[in-house]
Number of protein chains: 2
Amino acid sequence: MKQPAICPKFEKAVSLLSQKWTALVIYQLLSGTQRFSEIQSAIGISGKVLSDPLKDLEEKNIVKREVIPETPVIIEYSLTEKGRSIEPVIRDIERWSKQWVQEESTSS
Amino acid sequence: MKQPAICPKFEKAVSLLSQKWTALVIYQLLSGTQRFSEIQSAIGISGKVLSDPLKDLEEKNIVKREVIPETPVIIEYSLTEKGRSIEPVIRDIERWSKQWVQEESTSS
DNA sequence: AAATTAACTTACGTAAAGTAACTAGATAAG
DNA sequence: CTTATCTAGTTACTTTACGTAAGTTAATTT
């Protein structure tokens with residue numbers, strides 16, 4: 001029950017970005033190589049919630065994972081060329097959000 | 001357990017686009033005013049799956065809903081100014097997908 | 001032997017997305 | 001008058017995604 005009139009490549013890209021934390025992880029890595037725990041505390045999510053999209057992004061060759069045999073072991077994540085090429089998308093979202101999204105008073 | 005170091009406006013924008021069909025609906029409406037059933041068959045989704053994001057987009061003032069009292073009643077959806085301002089984001093995703101996403105052979 | 005640290009997993013619960021069938025209100029056909 | 005048709009949804013239900021908190025692994029220091 002699905003005969004897409006919409007370009008399947010575009011659909012795939014959209015479905016990537018529609019994973020909850022994916023865009024935020026890429027955004028975070030745009031400012032350079034970071035460790036698991038750094039990304040985690042920057043975004044403010046739990047281990048699993050970060051490791052799921054990271055695995056997916058690694059598999060899609062958007063993020064590179066490097067093991068550094070320190071003590072204890074350190075893992076560094078960075079964007080690949082494919083990953084860095086998403087930057088315009090992220091920057092446009094950023095620009096749009098600044099112009100059109102209003103901050104909500106979530107004071108409780 | 002969440003102290004975001006990331007701009008909340010940006011987070012909101014990302015969370016909008018991370019709703020499954022939202023980007024596709026906006027993309028579709030970029031080519032002009034369309035009826036419910038037109039969007040539906042273009043994207044290839046069921047009534048509910050379309051009406052959920054449409055309601056959300058209407059509420060966020062990104063999409064405008066107009067009732068036309070024909071027989072039977074026709075509903076036309078179009079982008080507001082805020083909605084059209086998302087175009088650069090969508091176009092960048094489109095561009096990126098053409099360059100980096102590979103078509104999958106889903107032949108069964 | 002116990003504790004520490006980083007990077008994950010596991011087990012479990014909640015929320016979002018998906019499906020197919022049904023409804024509403026209007027008209028037209030039999 | 002009753003049944004059918006059409007558009008734009010809704011309902012009830014199932015499946016997949018997301019989230020939390022606690023636990024695991026491997027190396028090292030106390």
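What you are looking at is a predicted structure, and each value in this text was computed from that prediction instead of being measured. Side chains are part of it too, since the values below use all heavy atoms of this structure and drop only hydrogens, waters and symmetry mates. Every chain is numbered from 1, with letters handed out A, B, ... down the list of sequences.
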query = Taking the side chain of B:Arg35 as heavy atoms from C-beta outward, which of D:dG9, C:dC8, D:dA8 is closest to it?
reply = D:dA8
key: Gap between atoms CD1 and P, on A:Ile45 and C:dC8 respectively (whole Å)   = 13 Å
key: Closest heavy-atom pair and its distance - A:Tyr77, A:Leu29   = O-CD2, 3.5 Å
task = Measure the distance from CD on A:Gln40 to C1' on C:dT9 and round it to the nearest whole Å.
result = 13 Å
remark   = When rounded to whole Å, the CD to P distance for the pair B:Glu66 and D:dG9 reads 13 Å
inquiry  = Tell me the interatomic distance from B:Ile75, atom CD1, to D:dC6, atom P, rounded to whole angstroms.
reply    = 18 Å
ask   = At under 4.0 Å between heavy atoms, what does B:Val73 touch on the DNA or RNA strands: base, sugar-phosphate, or nothing?
value = sugar-phosphate
message = Is the phosphate of D:dG19 approached by A:Trp21 (side-chain N or O, under 4.0 Å from OP1 or OP2)?
response = yes
ask   = If you take atom types as modelled and just measure distance, does the side chain of B:Lys48 reach the base of C:dG18 with a donor-acceptor pair under 3.5 Å?
value = yes
Side-chain donor-acceptor pairs of residues 49-58 of chain A under 3.5 Å, sequence neighbours excluded:
residue	atom	partner	partner atom	Å
A:Asp56	OD1	A:Lys60	NZ	2.8
A:Asp56	OD2	A:Gln19	NE2	3.0
A:Asp56	OD2	A:Lys60	NZ	3.2

task = Can you tell me the distance, in whole Å, between the NZ atom of B:Lys55 and the C1' atom of D:dA8?
result = 11 Å
query = Can you tell which of D:dG9, D:dC18, D:dT7 lies closest to the side chain of B:Pro72?
reply = D:dT7
query = In whole angstrom, what separates A:Ile68's CD1 from C:dA6's C1'?
reply = 12 Å
task = State whether A:Ser37 places a side-chain N or O below 4.0 Å from either non-bridging phosphate oxygen (OP1 or OP2) of C:dA6.
result = no
key: Atom-to-atom span, CD of A:Glu70 to C1' of D:dT28 - whole angstrom   = 13 Å
query = Which nucleotide in the set C:dC8, D:dT7, D:dT20 lies at the smallest distance from any side-chain heavy atom of A:Ser46?
reply = D:dT20
inquiry  = From CG of B:Leu50 over to P of D:dT7, roughly how many Å is that when rounded to an integer?
reply    = 15 Å
request  = Quick one: closest heavy-atom pair of B:Val14 and A:Lys20, and the distance?
outcome  = CG1-O, 4.4 Å
message = From the set D:dA8, C:dA7, D:dG9, return the single nucleotide nearest to any side-chain atom of B:Ile74.
response = D:dA8
request  = Would you check if A:Leu30 and A:Arg91 make a side-chain contact, meaning some heavy-atom pair closer than 4.5 Å?
outcome  = yes
note = Winner on side-chain proximity to A:Thr71, out of D:dT10, D:dT28, C:dG18, is D:dT28
message = If you compare every side-chain N and O of A:Ser51 against the phosphate oxygens of C:dA7 (OP1, OP2), does one of them come in below 4.0 Å?
response = no
Minimum-distance nucleotide to B:Gln19 side chain [options: C:dA17, C:dC8, C:dA7] = C:dA17
query = Quick one: on DNA chain C, does A:Tyr77 or B:Asp52 contact a more 5' nucleotide (nearest heavy atom)?
reply = A:Tyr77
message = Could you check whether A:Arg84 pairs with A:Glu81 (Lys NZ or Arg NE/NH1/NH2 to Asp/Glu carboxylate O, under 4.0 Å)?
response = no
request  = Please check if the side chain of B:Lys12 supplies one atom and the backbone of A:Gln102 the other of a donor-acceptor pair under 3.5 Å.
outcome  = yes
note = Quick note, A:Lys20 side chain, CB onward, closest among C:dA7, D:dG9, D:dG19 is D:dG19
